[in-house]
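Okay, structure first, notes after.
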Amino acid sequence: QVQLVESGGGLVQPGGSLRLSCVASGFIFNNYPMHWYRQAPGKERELIAGITSSGDSTHYADSVKGRFTISRDNAKNTVYLEMNSLKPDDTAVYYCKRLFVWGQGTQVTVSS
């Protein structure tokens with residue numbers, strides 16, 4: 001079964017940091033690029049970060065560029081999203097995605 005399992009979400013204060021993890025199983029992980037999306041209340045789901053299959057190249061949405069870092073550890077079948085300098089506008093459900101496959105989402109709330 002192809003599966004993406006996310007963890008690491010929670011409540012954090014503005015200016016704080018969180019590290020999200022997404023553990024993949026059921027496919028050859030290092031053959032696929034991976035992405036993070038998010039969906040804030042009342043907004044469309046947006047692509048915020050992507051990484052190539054080998055991890056040698058990344059891309060980011062303007063809204064998170066310079067604050068978020070996507071990475072992967074192919075030996076652990078895991079993709080990460082390091083989020084720094086968090087803002088209330090970052091509050092959303094964050095989703096890990098492979099081609100044709102979505103994770104269940106993990107809630108990130110940035111609030112005092």
**Q.** Sequence-distant partners of D89, side-chain hydrogen bond (donor to acceptor under 3.5 Å, both in side chains), two or more places apart
**A.**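 With sequence neighbours excluded, D89 shows a side-chain hydrogen bond (donor to acceptor under 3.5 Å, both in side chains) to no residue whatsoever.
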
**Q.** side-chain hydrogen bond (donor to acceptor under 3.5 Å, both in side chains) involving Q3 - partner list, sequence neighbours excluded
**A.**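 Per chain and number, Q3 pairs via side-chain hydrogen bond (donor to acceptor under 3.5 Å, both in side chains) with no residue.
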
Among residues at least two apart in sequence or on other chains, which ones pass side chain to side chain contact (heavy atoms under 4.5 Å, CB included) with [X]?
| X | answer |
| --- | --- |
| S54 | T52, D56 |
| N74 | F29, N30, R72 |
| S71 | Y80 |
| S112 | P14 |

Test of understanding: clusters of I, L, V, M, F, W, Y form through side-chain heavy atoms closer than 4.5 Å, transitively. Do [X] and [Y] belong to the same one?
| X | Y | answer |
| --- | --- | --- |
| V5 | L99 | no |
| Y94 | V101 | yes |
| F100 | V79 | yes |

If you compare all heavy atoms of [X] against all heavy atoms of [Y], which two are closest, and at what distance to 0.1 Å?
| X | Y | value |
| --- | --- | --- |
| N84 | S17 | OD1-OG, 2.8 Å |
| V64 | I48 | CG2-O, 3.4 Å |
| H35 | P33 | CE1-CB, 4.2 Å |

Q. Quick one: does L4's side chain get under 4.5 Å of M34's, heavy atoms only?
A.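 They are in contact (side-chain heavy atoms under 4.5 Å apart), so the answer is yes.
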
Q) Do S111 and L11 come within less than 4.5 Å of each other through their side chains, counting heavy atoms only? A)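 Touching, per the 4.5 Å side-chain cut-off.
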
Q. Applying disulfide bond (SG atoms under 2.5 Å apart), which residue pairs with at least one partner in residues 17-109 are found, sequence neighbours left out?
A.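 Pairs touching residues 17-109 that pass the test: C22-C96.
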
Q) Which residues, ordered by chain and number, are linked to Y95 in its hydrophobic cluster, where ILVMFWY side chains connect at heavy-atom gaps below 4.5 Å, directly or through other members? A)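 Cluster partners of Y95: Y37, L47, V93, W102.
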
Q.
How about CD1 on I28, more than 12 heavy atoms from neighbouring residues, nucleotides or ligands closer than 6.0 Å, or not?
A.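 No, the 6.0 Å shell around CD1 holds no more than 12 heavy atoms from other groups.
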
Q. Among all residues two or more places apart in sequence or in another chain, which pass the ring pair (Phe, Tyr, Trp, His ring centres under 6.0 Å) test with Y32?
A.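 Listed in chain order: F27.
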
**Q.** Sequence-distant partners of K65, salt bridge (Lys or Arg N to Asp or Glu O under 4.0 Å), two or more places apart
**A.**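 With neighbours one apart ignored, the set is D62.
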
**Q.** Counterpart residues, salt bridge (Lys or Arg N to Asp or Glu O under 4.0 Å), relative to R38 (two or more places apart)
**A.**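 In terms of salt bridge (Lys or Arg N to Asp or Glu O under 4.0 Å), with neighbours along the sequence ignored, R38 is linked to E46, D90.
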
(Q) With no hydrogens and no angle check, just 3.5 Å: does a side-chain donor-acceptor pair link N31 and S53? (A)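 There is no such pair between these side chains.
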
Q | Nearest-0.5 Å distance, CD of residue E82 to CD1 of residue I70 | A |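 With rounding to 0.5 Å, CD (E82) is 12.5 Å from CD1 (I70).
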
Q: May I have all residue pairs that pass salt bridge (charged side-chain N to carboxylate O under 4.0 Å, His left out) and include part of residues 96-112, sequence neighbours excluded?
A: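 Residue pairs passing salt bridge (charged side-chain N to carboxylate O under 4.0 Å, His left out), neighbours aside: none found.
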
Q) Is the backbone of V110 close enough, under 3.5 Å, to the side chain of T91 for a donor and an acceptor to pair up by distance? A)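 Indeed, once roles are kept as given, a pair shorter than 3.5 Å links the two residues.
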
Q: From the options L20, L81, L18, select the one residue that forms a side chain to side chain contact (heavy atoms under 4.5 Å, CB included) with F68.
A: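 Answer to the side chain to side chain contact (heavy atoms under 4.5 Å, CB included) test with F68 among L20, L81, L18: L81.
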
